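Both counts, for ligands and for their atoms, begin at 1 and track the order of listing. Everything quoted here is computed from the prediction, not taken from an experiment.
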Amino acid sequence: MGFAEIIIDHKSSSVDKRFTYNIPSDLENQAKLGVRVVVPFGRYNKPIMGIIVEMKDDSSISYKTKDIIQVLDDKPLISEKKIILANWIKEEYLCTGYESMQPMLPPGDFRDITTMVVPGESLNNFNNHSEEEKIILSEVSNASKIEYTELQNICQNKDFNKLISSLEEEGSIKLVLDIRKTSTSRVEKIVIRNQTVSFDKGVEIIGNSAKKQLKIWTLFKGTNEIAANEILKQLNTSLSVLKAMETKNLVLIENRIVNETPVSKDIPEYLKIELNTDQKRVYEGICHSNNNISLIHGITGSGKTEIYLQLVEDMLRNGKDSIILVPEISLTPQTIDRFVGRFGNQVAILHSKLTQLERFDQWRRIKTGEYKIVVGARSALFAPFNNLGLIVIDEEHENTYKSSNNPKYDTIDVAIRISELENSKLVLGTATPSIETYYRTEIGEYSLYELQNRATRNSLPSINVVDMRDELQEGNRSIFSKILYQEMVNALDNGNQIILFLNKRGYTGFITCRSCGYVSKCDNCDISLTYHKSTNRLRCHYCGDTHTLPSSCPACGSNYFKSFGIGTERVEEEVRKLFPDAKTLRMDSDMIKSREDYEKALDSMKNNEVDILVGTQMISKGLDFPRVTLVGIIAADTTLNLPDFRSPERTFQLVTQVAGRAGRGDIAGNVILQTYNPDHYSITTAMTNDYKLFYSNESQLRKEFGYPPYKGIATVTLFGKNQLHVKESMEESALELQKHIKNEKLVSIDVLGPNPAPLERINNNYRWQILLKFGYNDSKLIKNIINRVYNKDKGKIKHDDIKISIDINPSSIL
Ligand code: ADP
Ligand code: ZN
Ligand code: ZN
């Protein structure tokens with residue numbers, strides 16, 4: 001007799017528990033890892049649904065357990081390997097069991113899924129079957145589609161599952177997954193903006209007190225329709241808020257029937273390119289290496305994508321599946337076009353804009369092998385392939401690969417675990433490897449392949465650094481240095497395109513009073529507000545709240561306001577002033593709200609309808625426009641001054657990536673980099689395109705100050721509305737943590753803090769933090785301790801109006 005551990009209900013994720021149930025003998029054949037079951041729960045034995053996540057034999061259970069009532073699937077909904085993976089994620093990132101399962105589960109509510117039995121191709125002759133089989137076959141052929149569980153009830157046979165398997169094998173029946181509430185879930189609520197109301201008018205109608213409505217209204221800037229579910233999820237609000245806006249005549253809520261397969265635009269075929277000798281060396285190396293993990297360190301435009309494509313082709317030939325991860329699906333249309341253009345309908349594109357039903361449909365088709373290739377953002381890593389051969393992580397250095405919600409997993413580390421479980425290859429690609437990744441090539445964990453030339457045989461653009469302090473001394477108060485201005489004139493004269501990059505949106509940075517020093521800050525966050533000229537409002541870039549621009553200082557009444565810093569809106573305005581005849585386009589998240597907006601912008605760039613493109617990091621990656629000859633980096637320092645140990649790395653990456661947009665065609669590219677820190681090693685090494693020198697500088701510092709890859713780090717952040725409660729809870733729990741560390745004699749561990757987090761207040765939540773640094777040998781022990789204090793003994797934390805965020809190897813410590 002056996003037992004099964006089951007995960008149930010996802011609503012009460014604060015209670016992280018598995019429940020043990022007895023497997024009655026008549027279900028022995030059916031109960032296995034990853035299948036869904038119905039079990040009696042609670043005092044009144046209410047039947048509920050769960051998933052088996054561990055099988056146990058009787059010797060380990062001494063207490064009385066209840067029986068499983070029913071098994072709902074013939075095959076595991078979640079593969080055994082994925083369950084092993086979930087358990088690993090739980091240990092590694094200290095989340096709850098249910099959270100660790102979440103990425104593996106089918107989209108939507110797993111309880112709505114049903115296994116259906118339908119006639120197979122060879123269902124015509126009942127005669128050569130046993131009596132038991134005949135019952136099944138006649139039921140299936142009569143009903144033409146019947147629920148697995150219903151059939152099970154009709155048959156009442158102990159060997160039901162065996163019978164089903166053999167009938168499926170011979171082709172008499174087929175089993176397919178479906179969503180039970182099909183008729184209702186094909187309808188989706190769509191919120192449509194009333195276009196006769198201007199944005200500002202809407203703000204007025206909503207008024208100042210209805211903050212949620214204001215946030216929703218802001219979402220409609222630049223787009224007219226959003227799925228209600230999307231809004232509710234994004235802003236964590238309820239349908240009643242939308243209904244209230246409907247009565248104010250700001251929006252209309254419509255029920256719309258959605259198509260099963262999303263319509264996609266026609267993508268032209270992308271023909272295979274013969275690899276050059278450099279690419280071939282890398283391709284062959286990866287194919288024949290004994291090491292499953294490789295890094296392709298190739299400069300921008302070196303033809304990494306073509307290598308990925310041919311590796312995928314190789315997998316197809318061997319009947320294996322591939323997963324391609326990109327940093328952000330909406331910002332990488334060119335990569336998607338190449339994969340779809342080459343492999344057509346074997347590719348599933350996983351993006352978050354799909355409806356629940358569409359997402360489920362894709363999940364099902366991946367599971368049944370209809371798709372062989374998946375392209376998507378980090379969560380595509382969990383695609384339910386049965387025969388995975390390859391994972392590619394493009395632009396592996398991007399911070400979108402670290403999840404910021406539970407489970408707060410690191411995509412590369414999870415991919416390594418998957419490649420171990422599936423024995424598949426893992427290929428990381430980038431022009432600017434993260435320090436951690438490059439370190440692992442140094443110690444031999446990953447194989448390193450380098451591409452130092454552009455595939456098109458063009459050279460990398462030259463980078464000229466301009467010290468903006470000199471410009472100021474020479475009396476140039478413009479945001480453009482003399483040389484940048486001159487180069488812009490030249491590029492326009494020659495009919496070429498220009499990209500201007502600044503990693504800050506809005507018109508100006510913060511606004512301050514010259515008389516008393518007052519700085520306008522957000523009411524909800526400890527963050528200075530950014531002025532947006534187009535809406536004539538001050539906006540918080542953390543919580544999205546907007547405020548009117550005061551005409552005099554709220555603190556002292558003085559009229560002397562001065563703004564510091566500039567944003568893309570201002571850059572665009574200056575460009576239009578200086579070059580009134582040039583066609584200028586701005587791309588930042590104020591302008592680009594959807595994938596459609598983004599694609600439209602790229603199209604106009606492609607069709608030469610744009611001379612000067614101004615943008616934020618949104619334009620830093622992936623773009624391949626042959627007519628861009630000049631890239632101007634307005635201020636390279638925007639990321640450098642953030643109080644985060646990854647700031648130099650971010651700066652190097654951004655500069656290199658943006659510079660890489662220049663000179664991709666036949667004409668040589670030129671980059672002008674403006675900075676106030678021309679001697680910083682991030683800038684000087686980016687200028688000479690010397691990654692290795694940057695790496696040696698940066699890794700030296702990381703070693704000295706005990707940061708990854710030399711030491712592991714973890715942060716624990718407590719947050720809540722009551723400042724004192726947060727502080728006290730953090731201080732007390734930190735003492736507890738220290739006590740455990742002392743008891744375990746963990747000398748390698750540094751505890752920094754508790755301190756207020758660098759961003760102490762976000763969205764009216766006060767935040768206190770401790771930062772732990774530890775030797776990797778102690779990482780298991782330290783995680784146990786954190787888990788003890790902040791998960792298991794959570795109830796002992798001084799105040800209960802506190803939320804806890806644990807982040808292992810966080811991508812940012814702000
Ligand atoms: P990366 O991904 O390394 O930035 P891409 O894959 O975008 O580089 O390649 C840059 C350009 O070089 C693309 O336009 C691509 O079509 C072209 N390219 C790639 N491989 C070759 C090759 N072997 N011969 C000629 N052109 C190539
Ligand atoms: Zn003042
Ligand atoms: Zn704010």
Do Leu275 and Gln310 have side-chain heavy atoms sitting under 4.5 Å apart? yes
Pick whichever of Ile299, Thr300, Ile273 has a heavy atom sitting closest to atom 24 (N) of ligand 1. Ile273
Selected option - heavy-atom contact closest to atom 9 (O) of ligand 1, from Gly303, Ala431, Gly429, Ser302: Gly303
Should the pair Glu306-Arg338 be classified as a salt bridge under the 4.0 Å nitrogen-to-oxygen rule?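 Looking at Glu306 and Arg338, the cut-off is not met.
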Salt-bridge test for Asp807 and Lys402: reply yes if a basic N is under 4.0 Å from a carboxylate O, no otherwise.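 Salt bridge: yes.
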Describe, in one word, how the ring planes of His532 and His541 are oriented to each other, choosing from parallel (under 30°), tilted (30 to 60°) and perpendicular (over 60°). perpendicular
Return the closest protein heavy atom for [atom] as residue, atom name and distance.
{"atom": "atom 5 (P) of ligand 1", "answer": "Arg338 NH1, 3.5 Å"}
{"atom": "atom 20 (N) of ligand 1", "answer": "Gln279 NE2, 3.0 Å"}
{"atom": "atom 4 (O) of ligand 1", "answer": "Gly301 N, 2.8 Å"}
{"atom": "atom 26 (N) of ligand 1", "answer": "Ala455 O, 4.1 Å"}

Below 4.0 Å from ligand 1: does a non-hydrogen atom of Gln334 turn up there or not?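 No.
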Give a yes/no on ligand 1: does Tyr308 have at least one heavy atom closer than 4.0 angstrom to it?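 Judged by the 4.0 Å heavy-atom criterion, Tyr308 does not count as contacting ligand 1.
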Tell me the contacting part of Glu274 for ligand 1: side chain, backbone, both, or neither, using a 4.0 Å heavy-atom threshold, strictly below. backbone
Does the gap between the ring centers of Tyr438 and Tyr691 come in under 6.0 Å?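 Tyr438 vs Tyr691: aromatic centres under 6.0 Å.
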Check: Tyr449 ring centre within less than 6.0 Å of His297 ring centre: no
Looking only at side chains, do [X] and [Y] share a donor and an acceptor under 3.5 Å apart?
{"X": "Arg505", "Y": "Ser589", "answer": "yes"}
{"X": "Asn503", "Y": "Thr616", "answer": "no"}
{"X": "Ser620", "Y": "Arg661", "answer": "no"}

Can you list, by chain and residue number, the protein N, O or S atoms under 2.8 Å from the Zn ion (ligand 3)?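 The answer, once waters are left aside, is Cys522 SG, Cys525 SG, Cys540 SG, Cys543 SG.
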Just to be sure I understand the site: which N, O or S atoms from the protein are less than 2.8 Å away from the Zn ion (ligand 2)?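 Protein N/O/S atoms under 2.8 Å of the Zn ion (ligand 2): Cys513 SG, Cys516 SG, Cys553 SG, Cys556 SG.
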